[in-house]
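The structure appears below as structure tokens.
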Amino acid sequence: MSVISRLVTQVNKRPYVTILLGALVLFGLYLTSRYSYLLFHSLAEIFSVVVSFGIFVLAWNSRKFIDNNYILFLGISYLFIGTLDLLHTFAYQGMGIFPGYGTNLATQLWIAARYIQSVSFLVAPLLIGRKLRPQFVFFGYVGVTSLLLISMFYWHNFPVCYVNGVGLTPFKKISEYIISFIFLTSIFLLYRRRRDFDTSVFRFLAISIAVVIGSELTFTLYTGPYATPNMIGHLLKIVSVYFMYRAIIWTGLAKPYNLVFRNLKQSEEALRASEQHYSALVRNLAHAVFEIKEGVITWCNDRVQDIYGYTKDELIGKDASFLFPANVNPSEFQKVVSRSLKGKGVFQDSMKVKRKDGSVIDIEYSITQIPDKHPLEVIAVARDITERKRIEEALQRSEANYRMLVESSPDGVISVDNKMRIIDCNEETCRLLGYPREELKGKDFRKLLAGALPDRLSAYYDQLTQKGLIETEFEFLGRDGRTIPVWAKVVGHYDMTGSLNQALVYIRDIAERQKLDQLKDEFIGLVSHELRSPLTVIIGAVNTALTEEDRLSRDEMRQLLQDAAWEAESLSYLLGNLLELSRVQADRLFLIREPVNVRKVVRDAVEKIKRQSSNHSFEIDLPKSLPPVHADELRLERILHNLLENSVKYSPDGHKVRVSARLEGDNMVIGVSDEGIGISLHDQARLFSPFERLAVQRLLGVKGVGLGLLVCRRLVEAHGGRIWVESEPGRGSTFYFTLPLKDAEGPVEANPKS
């Protein structure tokens, strides 16, 4: 007996002895296989079955206090793995226990056992730290194992794994690869939870699973139950089972604190270390710490003298009432503390107390009851917060003043951190962008920007770092999708290292200013280009008539004056369009609506345009019975004049311009058609924009600034109608607009902005 004991000791202390003995055992088993393969197979499987049952017995009988669900779950699974391996041993070819089934049954039992084993290893790591009910797991395995056995012995529907004379079926080979992959995945999951195991236990488990993978891959190569790959696979299985034995059975019996009670052992060690750290922490803590029993101070640290002015000797053994707030009834305060301790287990509050010298300081208390102590014992921690209170009050006053200034500012103010996240903003920012404040807080500032500005942020950042502030103009993207131009001033805030950690962004809406600037620029351009041309003709004609009066014939004089009159009339319409547009922009457009005879207005407009272009033919196609429209007659005439002038400009000489009308419900639709160059769909979308001139118009050299159609649109919309164009390139164009047949009469203020 002593010899065996010494041998075991040597095996445990010297790994090479274990390796030598293992090699001898495997060699002996190999010799056994040469003598009787059936005997070799039985010995290998019985060893596996015994270890499997041993793992179950250890895990099941320690289930009430085992604290590692991985071991408990695997222990339960090994009872059923061992049962299937035992049946596999009985069903092996040559045993004669299950006559009529052949080699296929043993192979089916093998595959069933390996599937259960691999899936168990895969699931076990996922159960660490979760609640496990062993009875449910046990009966779950009973159900799965029973279904597998019934499918083999009764239903006969378990897939065929071996065919005599042919060998392994594709199902069996594919299953071995699937099982190997599951085992490989289980190693990965086990590695992720390696901190939950003793180092040696983790290594033994990982080696056991790795050897199983090699064993399974070997079993895909054999062609018969007594073939060499079969023997190698069983030898590898014995090695795997041995390492599983070392991981669970040997460790569980020889070193239970490394397996069954590992978490308990770690908790005890952590608690011991925690106590040492706590003792050192309390001694060196910057706060005063008291231990109070039944209202009497039994211990305190040295910090009490700095805070309260008393020494430790003056306080220990004394009543703790000096800790109570100044000008408060001690008995009432004790009741408040007692209620809090009973309800929450802790009392926390800040209050003013007196020091030994009579001065009053602000103290923050945390009083905790020591559980299961009778009579009552508490730990009180006191922190001097006098300076903190003073700073907090100053900060609150400063913040209130700053908030009042920010909220009353007509500009938006946004605070941004160094990661471009919005910290806070004022109400003007919310109004401008259309977001509620809570939605803007934490939002990425860059996502509010429009255009190309995000690409230039790095340059702005460098400028801000160097100069401390930047002034620029950019565009925001409002919540409703509209683009909002703003003037912005960004001021940087830096930490002690000089790194930019925050910025304040002041923004001001400049949309109206940009509109005014745009109108100003467009008006100046119009004056310099379009007004000069008719004025030149008028001045030239008048000067010629005055200076050359004696040499000019009556017809020549009339032609000069006619040219001046036409250009003056053209200039009048151009100025009229500008005035109409300016009224719209200033919200000062007033319509005088009354019943208007459309036929008369159309004829007058056509007659006036004929005087400017005698090279076109005009056709008026109006129904015989045409009711009046309720509109501003002068504005209707301007709409028609602009459309007719537009048709004349873009129609070749000799072509027809046609004016038509029809009724649609409560509206009259008036159309002006030409046989000109036509308009593409792409250009149609831009026709009614301010001062828009198409490329084909500039190419043909047609005069104009693109103002007429914009005025038409504004005036039509002011009447409550709409205007559109139907055209194809090379096939002419027709401009339609609608006017109401019924409407309120008299002056009406119109705001046709769209």
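Residue numbers run from 1 in the order of the sequence given. Side chains are part of it too, since the values below use all heavy atoms of this structure and drop only hydrogens, waters and symmetry mates.
Atom CG of Leu448 sits about 9.5 Å away from atom SG of Cys425, to the nearest 0.5 Å. Rounding to the nearest 0.5 angstrom, the gap separating the CD atom in Glu439 from the SG atom in Cys430 is 10.0 Å. To the nearest 0.5 Å, atom CG of residue Asp411 and atom CG of residue Asp509 are 10.0 Å apart. Summarising the geometry, atom OH belonging to Tyr506 is positioned 12.0 Å from atom CZ belonging to Arg508; distances are rounded to the nearest 0.5 Å. To the nearest 0.5 Å, atom CG of residue Asn667 and atom CZ of residue Arg722 are 9.0 Å apart. One distance of note links CD1 of Ile484 with CG of Leu449; it measures 11.5 Å at 0.5 Å rounding.
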Q | Worked check of side-chain contact (heavy atoms from CB on, under 4.5 Å) between Val346 and Ser366 | A | CA-CA 7 Å; Val346 64; Ser366 177; 4.1 Å; yes
**Q.** Verdict with supporting geometry, Arg713 and Leu715, side-chain contact (heavy atoms from CB on, under 4.5 Å)
**A.** CA-CA 6 Å; Arg713 175 190 170 190; Leu715 294 179; over 6 Å; no
Q: List the steps and the verdict of side-chain contact (heavy atoms from CB on, under 4.5 Å) for Thr483 and Leu477.
A: CA-CA 5 Å; Thr483 300; Leu477 194 63; 4.3 Å; yes
Q: Test side-chain contact (heavy atoms from CB on, under 4.5 Å) on Arg554 and Met557 and set out the steps.
A: CA-CA 5 Å; Arg554 184 179 181 84; Met557 181 68 75; 5.8 Å; no
Q: Please lay out, stage by stage, how Gln502 and Ser415 fare under the test side chain to side chain donor-acceptor pair (under 3.5 Å).
A: CA-CA 7 Å; Gln502 190 175 334; Ser415 175; 2.9 Å; yes
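Annotation: side chain of Val601 is in contact with side chain of Leu640 (closest heavy-atom distance under 4.5 Å). Between Leu741 and His630, the closest side-chain pair of non-hydrogen atoms is not below 4.5 Å. In this structure the side chain of Ile423 never reaches within 4.5 angstrom of the side chain of Lys441, judged on heavy atoms. A 4.5 Å side-chain heavy-atom check between Val413 and Val505 finds every atom pair outside the cut-off. Inter-residue side-chain proximity for Phe737 and Val716 is flagged as met; some heavy-atom pair is nearer than 4.5 Å. Contact of the Asp621 side chain with the Val659 side chain is not registered, since no non-hydrogen atoms from C-beta on lie closer than 4.5 Å.
Trp724 pairs by the ring pair (Phe, Tyr, Trp, His ring centres under 6.0 Å) definition with Tyr736, not counting sequence neighbours. Take Lys443 and apply the side-chain hydrogen bond (donor to acceptor under 3.5 Å, both in side chains) test, not counting sequence neighbours, and it matches no residue.
Around the CZ atom of Arg662, the shell of radius 6.0 Å holds more than 12 heavy atoms that belong to other residues, nucleotides or ligands. The environment of Arg192 atom CZ is sparse: at most 12 non-hydrogen atoms of other residues, nucleotides or ligands sit within 6.0 angstrom. Heavy atoms of other residues, nucleotides or ligands lying less than 6.0 angstrom from CZ of Arg731 number 12 at most. Within 6.0 Å of CZ in Arg658 there are more than 12 heavy atoms belonging to other residues, nucleotides or ligands.
Looking at His616, its side chain does come within 3.5 Å of a backbone N or O of Ser651 through a donor-acceptor pair. Proximity of a side-chain donor or acceptor of Ser727 to a complementary backbone N or O of Ile679 within less than 3.5 Å is detected. Checking side-chain atoms of His719 against main-chain N and O of Asp632 turns up a donor-acceptor pair under 3.5 Å. Side-chain atoms of Arg479 do not come within 3.5 Å of backbone N or O of Pro436 as any donor-acceptor pair.
Between Phe474 and Phe476, the two ring planes are perpendicular [angle over 60°; tilted spans 30° to 60°].
Ion pairing between a basic and an acidic side chain is recognised when a charged N comes within 4.0 Å of a carboxylate O; Lys389 and Glu392 show no such pairing. Here Arg482 pairs with Asp480 in a salt bridge; the nearest charged N to carboxylate O distance falls below 4.0 Å. A salt bridge does not link Lys656 with Glu675: none of the charged nitrogens is closer than 4.0 Å to a carboxylate oxygen. The pair Arg513-Glu473 meets the salt-bridge criterion, since a charged nitrogen lies less than 4.0 angstrom from a carboxylate oxygen. Salt bridge Asp604/Lys600: present, at least one basic N to carboxylate O contact under 4.0 Å.
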